[in-house]
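All remarks here apply to the structure that follows.
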There are 2 protein chains.
Amino acid sequence: MSKIVSERSDVIPSLAEIFREHGFEGASLSTITEKTGLGKGSLYHFFPGGKEEMAAAVLSEIDGWFVTQVFAPLRSADDPRSAIARMCRSVSEYFRSGRRVCLVGAFALDNVRDRFIDQVRDYFAEWRCALAEALENAGCPQQDAVALAEETIAAIQGGLVLARALDEPGIFERTLERVQSRLLAAPHEEDQR
Amino acid sequence: MSKIVSERSDVIPSLAEIFREHGFEGASLSTITEKTGLGKGSLYHFFPGGKEEMAAAVLSEIDGWFVTQVFAPLRSADDPRSAIARMCRSVSEYFRSGRRVCLVGAFALDNVRDRFIDQVRDYFAEWRCALAEALENAGCPQQDAVALAEETIAAIQGGLVLARALDEPGIFERTLERVQSRLLAAPHEEDQR
DNA sequence: TTGCTACTGTACCGTTTGGTAAACAGTGTG
DNA sequence: CACACTGTTTACCAAACGGTACAGTAGCAA
């Protein structure tokens, strides 16, 4: 057999897709070997901890992506309002305009949350915090900023759930537009005081 | 052994709780027998179709509850605005102020959606439709009504996800309050035109 | 060429899975 | 009392589960 010399990081995207499709419990090792093209031997070589380590790695990569692509830009933006607009664009692309589900949100719903509780909590806590910071930098009072950030993230998650439930990706896109205009309007209102 | 003479409908609430906790794939028959107190024999007596029929029965009951407690009152209300307020109260109680998860939403996220696609779609479609009707009856233009209904349901679902992810039920309560005030404000704005 | 390391395929492990079969017990009806 | 009906228990099954062990192979450095 040819030695493909794959790296651990090479399989993570397909692992992510598998967990998104089947959930943690629904993703069996046979599914994973089939869809990744890696045998059990290779999988356990890269992830000695089995499924749990695979899922943890996936969550880590997701978190990493959001930290660099979304959270950090929100925090350190010169122009927070354009950073917010960029967040909406990134999020829309990441979730494929509503055709892709949020794995962290899916994990949060049932008992698998408890196995990855730190990663799940951190993901959303960081997001809320980063977005609130950007809103504050744009002139939004702290209390309003946190509330609006919370509302925004919840709306995004709910948009994903509803879009998938009704199989209407447009729902997510409309949600995102509503959210964006509300985010961009908020600091303005405060400026006018 | 004593004959407990349980009925099919008696186990459905605990089945619902089991699926909420573990998800569909994560709920094994041994978990189910343990938590319902019924042996496999009894379970297959009531649900010859196995897990799938159990979950379908649970979804049916959930849908039934929402139809009578939420959707119908929204549609046939003399005073649509108080019906909307009552919806918010019912929903808050049903989801235990954010400590309970929406099973239909959870099912929607991964592949199990496709096994129950009709029930999942109907649940949300009916909700959106009923709420939009109530908004129209309150004087909201049709297009705005549908959009606001959609936004509301997505917000509720997202509130549940985020509340559970961060283990802060308060997030859901705040979401619900925001949603309610937006629903009650909307027809008013239209009236003032 | 010889090793060492990183990776891969396969056979296998014990356990658990969803599901079936049959014997059996309580209850109501004739 | 006899009967059917409705639950319930128990034992059982093949298949699939997550996971392990290990021999083997490709790649590379000395």
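Bear in mind that the values here come from a model prediction, so they are computed numbers and not experimental data. Protein chains get the first letters and strands the later ones, always in sequence-line order, with residue 1 at the start of each. Atom set for the values below is all heavy atoms of this structure, side chains included, hydrogens, waters and symmetry mates excluded.
- In the set D:dG19, C:dG9, D:dT8, D:dG19 carries the atom at the smallest distance from any side-chain atom of A:K51.
- Taken residue by residue, residues 27-40 of chain B places heavy atoms nearer than 4.0 Å to DNA chain D at B:L38, B:G39.
- The separation between B:F46 atom CZ and D:dT9 atom C1' is 14 Å, rounded to whole Å.
- A chain of hydrophobic side-chain contacts below 4.5 Å, direct or via other Ile, Leu, Val, Met, Phe, Trp or Tyr residues, connects A:W127 to A:L160.
- Taking atom NE2 of B:H22 as the reference point, atom C1' of C:dT16 lies 15 Å away to the nearest angstrom.
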For residues 55-68 of chain A, which side-chain donor-acceptor pairs fall under 3.5 Å, sequence neighbours excluded?
| residue | atom | partner | partner atom | Å |
| --- | --- | --- | --- | --- |
| A:T68 | OG1 | A:G64 | O | 3.3 |
| A:T68 | OG1 | A:W65 | O | 3.2 |

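- The separation between B:L43 atom CG and C:dG19 atom P is 11 Å, rounded to whole Å.
- Going from atom CZ of B:F47 over to atom P of D:dG7 covers 11 Å, rounded to whole Å.
- Per the geometry, CG belonging to A:L15 stands 15 Å off C1' belonging to D:dG18, to the nearest Å.
- Under a cutoff of 6.0 Å and an axis angle of 45°, B:R115 and B:F24 do not form a cation-pi pair.
- Ring geometry for A:F172 versus A:F95: interplanar angle over 60°, hence perpendicular rather than tilted (30 to 60°).
- In this entry the distance linking NE2 of A:H45 with C1' of C:dC7 reads 5 Å, nearest Å.
- Among residues two or more places apart in sequence or in another chain, the ring-ring contact (aromatic ring centres under 6.0 Å, His included) test is passed with A:Y44 by none.
- In this structure, the nucleotide among D:dG18, C:dT8, C:dT20 sitting nearest to the side chain of B:Y44 is C:dT20.
- Side-chain atoms of A:S28 and A:T31 form a donor-acceptor pair, as typed in the model, at a separation below 3.5 Å.
- Across all strands, B:G41 comes closer than 4.0 Å to base atoms (heavy-atom distances).
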